Trainee: 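First the structure, which I've put down as structure tokens, then a few questions once you've had a look.
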Amino acid sequence: IAGAMIAPFLEEIFYRGFIFPFLQSKLNSFWAVVITSLFFGLSHYMNVGSAEILVVLFIGYGFILSLARYFTGSLISPVIIHMCHNLVLILGFLIGKQFNLLP
């Protein structure tokens, strides 16, 4: 539950609720999206270690979430997207473990 609901909610409050509008007020929307996405992706470095490709994927994912925030003007879209994404990953991991598909 924490991984699928609480963590995405808190991350979205921080990145798209605080960082994004702050950067948008100081720079412009384009740079707010780019920088927020970079912060989001790089902050997940600790989750993936030195797997640079995964960090790049997290940056891309942050870009999608930031665009959702920008185009809707709301935190609801990125929160729902993030929660659904995490839920699918967690369920996939649990199913994989259950059927011995993962090491």
Side-chain angles (χ1 to χ4, degrees):
I1 292 174
M5 302 299 213
I6 297 169
F9 179 76
L10 295 176
E11 285 182 353
E12 292 309 316
I13 294 293
F14 180 71
Y15 290 105
R16 262 61 69 179
F18 176 70
I19 300 285
F20 178 77
F22 173 78
L23 292 172
Q24 201 173 28
S25 73
K26 301 295 181 193
L27 305 168
N28 61 39
S29 296
F30 172 80
W31 288 111
V33 167
V34 170
I35 295 169
T36 302
S37 303
L38 287 170
F39 282 162
F40 178 79
L42 293 174
S43 74
H44 286 80
Y45 183 78
M46 65 182 178
N47 296 345
V48 297
S50 62
E52 288 81 12
I53 188 66
L54 291 177
V55 173
V56 171
L57 290 173
F58 272 111
I59 292 170
Y61 181 51
F63 191 77
I64 291 167
L65 294 169
S66 295
L67 287 177
R69 167 70 163 95
Y70 172 72
F71 284 116
T72 64
S74 169
L75 278 175
I76 294 171
S77 293
V79 166
I80 290 172
I81 293 166
H82 200 155
M83 285 179 175
C84 290
H85 175 259
N86 282 22
L87 182 61
V88 167
L89 289 177
I90 291 167
L91 289 175
F93 176 78
L94 292 174
I95 291 168
K97 282 298 223 182
Q98 178 68 28
F99 293 101
N100 296 320
L101 300 173
L102 299 172

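All values below were derived from every heavy atom in this structure, side-chain atoms included, with hydrogens, water molecules and symmetry-related copies excluded. Small disclaimer: the values here were computed from a predicted structure and weren't measured.
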Trainee: Under 6.0 Å between ring centres: does that hold for His44 and Tyr61?
Mentor: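 Ring-ring flag for His44/Tyr61: false, centres at least 6.0 Å apart.
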Trainee: How long is the span from the CG atom in Leu94 to the CG atom in Leu89, to the nearest 0.5 Å?
Mentor: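 Rounded to the nearest 0.5 Å, the CG-CG separation comes to 11.0 Å.
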Trainee: Please report the interatomic distance CZ(Phe22) to CG(Leu27), rounded to the nearest 0.5 Å.
Mentor: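 Phe22 CZ to Leu27 CG: 8.5 Å, rounded to 0.5 Å.
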Trainee: Can you find a heavy atom in the side chain of Pro8 that is under 4.5 Å from one in the side chain of His85?
Mentor: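 No - every pair of side-chain heavy atoms lies 4.5 Å or more apart.
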Trainee: If you compare all heavy atoms of Ile81 against all heavy atoms of Ala68, which two are closest, and at what distance to 0.1 Å?
Mentor: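 Scanning both residues completely, I find the closest heavy atoms to be CD1-CB, 3.9 Å.
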Trainee: Is the shortest side-chain heavy-atom distance between Phe39 and Ile19 below 4.5 Å?
Mentor: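 Sidechains of Ile19 and Phe39: in contact.
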Trainee: Is there a continuous path of hydrophobic side-chain contacts, each under 4.5 Å between heavy atoms, that joins Phe71 to Ile64?
Mentor: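 No, Phe71 and Ile64 fall in different hydrophobic clusters.
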Trainee: Cation-pi check for Phe40 against Arg16: NZ or CZ below 6.0 Å from the six-membered ring centre and within 45 degrees of the axis, yes or no?
Mentor: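 Positive - Arg16 is close enough to the ring of Phe40 and near enough to its axis.
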Trainee: Please give me the minimum heavy-atom distance between Thr72 and Ser77, naming the atom from each residue.
Mentor: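 Taking every non-hydrogen atom into account, CG2-OG, 3.3 Å.
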Trainee: Identify the two heavy atoms, one from Ser74 and one from Arg69, that lie closest to each other, and give their separation to 0.1 Å.
Mentor: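 That closest heavy-atom pairing would be O-CD, 3.3 Å.
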Trainee: For a quick test of reading the model, state the closest non-hydrogen atom pair linking Leu65 to Glu12 and the distance between them.
Mentor: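 Shortest heavy-atom separation between Leu65 and Glu12 comes out as CD1-OE2, 3.4 Å.
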Trainee: Give, for atom OG of Ser66 and atom CG of Leu38, the distance between the pair rounded to the nearest 0.5 Å.
Mentor: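 One finds 9.5 Å between OG of Ser66 and CG of Leu38.
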Trainee: Do Trp31 and Val34 have side chains that approach each other closer than 4.5 Å (heavy atoms only, starting at C-beta)?
Mentor: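 Result yes, sub-4.5 Å side-chain heavy-atom pair found.
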Trainee: Does a side-chain heavy-atom distance below 4.5 Å link Pro78 with Tyr15?
Mentor: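 Result no, sub-4.5 Å side-chain heavy-atom pair not found.
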Trainee: What is the minimum heavy-atom distance between Leu42 and Val55, and which atoms define it?
Mentor: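 Minimum heavy-atom contact is CD2-CG1, 3.8 Å.
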Trainee: Identify whether Ile59 and Phe14 are in the same connected component of the hydrophobic contact network (ILVMFWY, side-chain heavy atoms under 4.5 Å).
Mentor: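 Same cluster: Ile59 reaches Phe14 through Ile, Leu, Val, Met, Phe, Trp or Tyr contacts under 4.5 Å.
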Trainee: Out of curiosity, does Phe63 fall in the hydrophobic cluster containing Phe20 (side-chain heavy atoms, cut-off under 4.5 Å, transitive links)?
Mentor: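 Yes: a chain of side-chain contacts under 4.5 Å links Phe20 to Phe63.
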Trainee: Would you give the length of the straight line joining atom CD of Gln98 to atom CG of Leu91, rounded to the nearest 0.5 angstrom?
Mentor: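 Rounded to the nearest 0.5 Å, the CD-CG separation comes to 12.5 Å.
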Trainee: Could you tell me whether Leu57 atom CG has more than 12 heavy atoms of other residues or ligands within 6.0 Å of it?
Mentor: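 Correct, the count exceeds 12.
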Trainee: Are side-chain heavy atoms of Val79 and Met83 found at a separation under 4.5 Å?
Mentor: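 Heavy-atom side-chain distance check passes, below 4.5 Å.
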Trainee: State the OG1-OH distance between Thr36 and Tyr70, to the nearest 0.5 angstrom.
Mentor: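 Nearest 0.5 Å value for the OG1-OH distance: 13.0 Å.
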Trainee: How far does CD1 of Ile35 sit from CZ of Phe30, to the nearest 0.5 angstrom?
Mentor: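 Nearest 0.5 Å value for the CD1-CZ distance: 9.5 Å.
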